[in-house]
Protein chains: 2
Amino acid sequence: MDNFEFLSPTKIIFGKGTENQVGQEIKKCGAKKVLFHYGGGSIKRSGLYDKIVASLKETGIDFIELGGVQPNPRVSLVREGIKLCRDNGIDFILAVGGGSVIDSSKAIGVGVPYSGDVWDFYAGKAEPKETLSVGVVLTIPAAGSEASKSSVLTNEDGWYKRGLNVEIIRPKFAIMNPELTFTLPPYQTVCGASDIMAHIMERYFTHTPHVDLTDRLCEGTLKTVIRNVPIVLEQPDNYDARAEIMWASTIAHNDLLSTGRVGDWASHGIEHELSGIYDVPHGAGLAVVFPAWMKYVYKEGVDKFVQFAVRVWNVDMDFEDPERTALAGIDRLKAFYKSVGLPTSLKELNIPDDRLEEMADKCTAGDTQTTGNFKKLGKQDVLNILKMML
Amino acid sequence: MDNFEFLSPTKIIFGKGTENQVGQEIKKCGAKKVLFHYGGGSIKRSGLYDKIVASLKETGIDFIELGGVQPNPRVSLVREGIKLCRDNGIDFILAVGGGSVIDSSKAIGVGVPYSGDVWDFYAGKAEPKETLSVGVVLTIPAAGSEASKSSVLTNEDGWYKRGLNVEIIRPKFAIMNPELTFTLPPYQTVCGASDIMAHIMERYFTHTPHVDLTDRLCEGTLKTVIRNVPIVLEQPDNYDARAEIMWASTIAHNDLLSTGRVGDWASHGIEHELSGIYDVPHGAGLAVVFPAWMKYVYKEGVDKFVQFAVRVWNVDMDFEDPERTALAGIDRLKAFYKSVGLPTSLKELNIPDDRLEEMADKCTAGDTQTTGNFKKLGKQDVLNILKMML
């Protein structure tokens with residue numbers, strides 16, 4: 001086990017009706033004026049918008065609004081939000097939505113006190129030292145951004161999708177009511193589940209030896225998602241099953257599961273090239289990338305893949321041929337994706353084969369960097385994996 | 001799954017050599033003058049005392065010392081510590097040791113700003129509203145007090161052992177170096193493991209339906225302890241195995257595992273009567289109480305005990321007679337305790353049978369209260385369980 005620091009300071013407020021506490025929670029944070037940031041019209045259709053406004057007004061919190069966050073959130077809207085905050089003396093950002101809205105809010109948060117352009121942080125040219133506080137009302141369990149130190153943004157100028165990872169952007173609180181996810185369409189539900197599973201698997205596949213506890217926590221969280229996704233597809237308003245997935249989304253990505261171990265993250269890197277160019281849902285892209293990545297890298301550490309197969313997928317251990325067991329686990333993952341309606345090929349994502357080289361090039365900064373840790377992948381490796389996804 | 005709030009704000013600094021960061025961490029907390037609180041002479045013998053002093057001096061932190069914390073820490077020393085803090089303008093308490101030192105530090109912390117007697121908080125007569133900050137250098141993985149909201153204290157006047165549970169007493173930071181546990185004697189090691197397992201099992205046995213994720217996290221943490229205890233008994237300086245147990249101690253009791261579910265805690269209540277009167281190690285007492293409690297209550301929810309047997313102990317499921325499976329799980333727990341050198345009867349703890357009634361009486365406040373939730377136990381129930389422990 002490696003040395004580590006772990007701090008997860010986001011206050012989780014979980015359960016039925018909790019969205020009505022949002023005004024009180026913001027008040028506890030000492031906010032003076034709030035930017036209420038959200039996506040499309042779904043929170044207006046569902047009535048959540050009205051509840052939030054009522055709670056803010058009831059507690060006397062002054063706010064302005066900025067809607068319109070798109071999936072794979074854009075830096076252009078973030079720049080607009082930064083200007084709005086500066087012009088209006090905003091000191092707190094309330095994100096109501098899923099990962100895109102939260103990531104956009106985090107970006108605005110670090111952008112407001114920064115004299116340069118916010119993309120600097122995502123391009124790795126600068127590191128944010130301060131931020132406005134961010135609070136969350138979560139509507140989509142997927143990105144885990146509600147308690148994470150991550151934010152992912154897309155720059156339309158070149159369609160670069162890049163991540164920022166710093167401790168200061170963890171939200172102050174996350175209000176999580178599973179009832180708010182009852183109306184998520186099946187495809188969005190399973191894309192979220194795929195994202196959750198990916199966050200766990202990126203941490204799980206490591207060469208760090210003797211990481212029993214975090215292995216077990218990873219496996220347990222995966223098994224929880226695997227059990228509950230089919231339930232919510234059959235019963236979209238099953239509160240408990242929605243709750244399991246929602247709480248798993250946070251645990252998967254608040255870094256508890258990576259304590260003391262090195263994660264991989266190549267699959268995320270490759271997927272960012274897909275969704276950066278083709279604007280496919282992140283979770284759908286990950287379902288296509290992961291089995292291909294696994295088949296490409298498993299020989300670097302067959303034991304870990306055997307453990308994955310046996311413990312997560314209940315594959316009967318083949319003691320005479322452990323490699324068969326490892327491959328059976330990968331097949332089970334792929335079969336699970338298919339069974340819940342996720343794509344497992346570029347074709348199903350309607351992504352043609354004519355820009356694979358470009359994606360492999362961008363993913364490795366023109367073959368000057370590698371991606372991933374379980375196996376360090378150069379441009380040719382990424383291209384080979386992309387071809388396996390056709 | 002029940003509604004819940006979860007906040008675990010203790011910063012964990014985990015790994016080799018981390019104790020040398022203690023001065024810096026206290027400085028970050030803005031402390032002016034520190035009470036360095038510890039137990040017997042073990043930290044002097046091990047050289048840890050010198051390292052701590054060096055780190056404090058190096059960072060220019062002014063401090064005074066109070067050693068002498070005993071296992072099952074006493075309110076008398078806490079009162080002494082409170083006076084010392086007031087007389088010397090102390091604003092931060094550094095606990096260097098295990099659960100007893102940390103619990104004593106937490107008690108001093110809430111006692112200093114309180115005008116009444118600190119025992120009020122443990123007797124349930126008052127609730128603390130403020131506290132001095134507490135930081136921890138952990139030397140014994142067991143109580144989980146390094147990141148918990150709990151403190152347990154013994155009042156020599158009547159030998160009452162009582163707990164305080166409030167959010168404000170969670171430590172600011174916990175420095176955890178598994179190397180510091182290499183010199184723990186085997187009996188102290190397994191008593192610690194028993195305490196960790198008990199914290200998980202108190203949370204695990206619940207009637208709250210559909211708690212998949214936390215069930216899985218509980219099971220995974222238990223399996224980690226069960227795997228690694230025999231390893232450290234054979235190889236006391238196995239860093240990784242010590243690390244697994246140490247990190248498990250925190251996860252077991254920082255309340256992550258109880259999110260969304262009702263815990264039981266009867267076994268802790270009964271054990272507090274044992275160790276309050278007879279001053280036995282808490283973990284040893286718990287190893288005696290738990291199997292008896294389980295056999296007494298399992299019929300209230302056989303399914304949960306079957307799950308425990310199958311998932312934690314790999315008991316082969318008896319589909320024709322699930323109750324057999326449940327009982328086999330309890331037997332496996334007891335056999336594990338025996339195999340690592342823990343007692344499983346009052347006799348082995350040298351506790352006679354002449355004060356069982358008194359303990360049952362104290363545990364239920366003279367039969368005016370029940371203890372536990374899986375089955376609410378009155379005085380006669382507690383007495384029955386105590387008799388099963390003979």
Side-chain angles (χ1 to χ4, degrees), chain A residues 1-18 21 25 147 167 173-178 208-228 231 238-248 250-252 254 256-257 259-260 311, chain B residues 1-18 21 25 147 167 173-178 208-228 231 238-248 250-252 254 256-257 259-260 311:
Chain A
M1 198 189 297
D2 295 339
N3 280 15
F4 66 86
E5 290 196 2
F6 175 65
L7 177 62
S8 181
T10 305
K11 179 180 178 186
I12 307 293
I13 302 141
F14 193 103
K16 293 173 185 168
T18 47
Q21 298 176 36
E25 287 303 322
E167 289 292 340
F173 65 78
I175 289 176
M176 300 166 66
N177 177 359
T208 311
H210 215 311
V211 283
D212 295 0
L213 178 57
T214 42
D215 270 2
R216 292 282 185 190
L217 300 181
C218 285
E219 290 153 1
T221 312
L222 277 173
K223 286 173 93 100
T224 300
V225 176
I226 293 162
R227 178 186 175 211
N228 285 285
I231 298 177
N238 184 316
Y239 177 85
D240 286 314
R242 290 283 190 186
E244 300 287 358
I245 295 170
M246 199 173 210
W247 194 204
T250 308
I251 299 302
N254 78 347
L256 172 66
L257 303 187
T259 51
R311 290 200 190 154
Chain B
M1 196 190 299
D2 296 339
N3 280 17
F4 66 86
E5 290 195 3
F6 175 65
L7 178 63
S8 181
T10 304
K11 179 180 177 184
I12 306 294
I13 302 141
F14 194 103
K16 293 173 185 168
T18 48
Q21 298 176 35
E25 286 302 322
E167 289 292 339
F173 64 78
I175 289 176
M176 300 167 66
N177 177 359
T208 312
H210 214 308
V211 282
D212 294 0
L213 178 58
T214 42
D215 271 2
R216 292 282 184 188
L217 300 181
C218 285
E219 290 153 1
T221 313
L222 277 172
K223 285 174 93 102
T224 300
V225 176
I226 293 162
R227 179 189 174 206
N228 286 286
I231 297 176
N238 184 315
Y239 178 85
D240 285 314
R242 290 283 191 185
E244 300 287 356
I245 294 170
M246 199 171 211
W247 193 206
T250 308
I251 299 302
N254 78 348
L256 172 66
L257 304 187
T259 50
R311 290 201 191 153

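Proteins get letters first, then strands, A, B, ... in listed order; numbering begins at 1 in each. All of these numbers come straight from a predicted model, not from anything done at the bench.
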Report task. Output the distance between atom CZ (A:F6) and atom CD1 (B:I13), rounded to the nearest 0.5 Å. Result -> 13.0 Å
Report task. State, yes or no, whether a side-chain contact exists between B:W247 and A:T259 at a heavy-atom distance under 4.5 Å. Result -> yes
Query raised in the report: Of the backbone (N, CA, C, O) and the side chain (C-beta and beyond), which part of A:E167 lies under 4.5 Å from a heavy atom of chain B, both, or neither?
Result: neither
Query - Partner chain A: residue of B:D212, B:I12, B:N177, B:T221 with the largest heavy-atom pair count (under 4.5 Å) - result: B:D212
Query raised in the report: Would you say A:I251 and B:L256 make side-chain contact, with heavy atoms under 4.5 Å?
Result: yes
Report summary line: With chain B, the option among A:T214, A:D215, A:V225, A:L213 that has the most non-hydrogen atom pairs under 4.5 Å is A:L213
Query raised in the report: When only pairs under 4.5 Å are counted, which of A:L217, A:T10, A:N3 shares the most heavy-atom pairs with chain B?
Result: A:N3
Report summary line: In terms of heavy-atom contacts, A:M1 and B:Y239 come closest through O-CE2, 3.8 Å
Query raised in the report: Can you tell me how far NE2 of A:H210 sits from CZ of B:R227, rounded to the nearest 0.5 angstrom?
Result: 4.5 Å
Query raised in the report: Which answer fits B:F173, side chain, backbone, both or neither, if we ask what part of it has an atom under 4.5 Å from a heavy atom of chain A?
Result: neither
Query raised in the report: What part of A:N228 is in contact with chain B, defined as an atom under 4.5 angstrom from a non-hydrogen atom: side chain, backbone, both or neither?
Result: side chain
Query raised in the report: If you round to the nearest 0.5 Å, how far is CD of A:Q21 from CD of B:E5?
Result: 6.0 Å
Query raised in the report: Is it the backbone or the side chain of B:K223 that comes under 4.5 Å from a heavy atom of chain A, or both, or neither?
Result: side chain
**Report entry** A:A147 versus chain B, the contacting section by heavy-atom distance below 4.5 Å
**Finding:** neither
Query raised in the report: Hey, are the side chains of B:E244 and A:R216 touching, using non-hydrogen atoms and a 4.5 Å cut-off?
Result: no
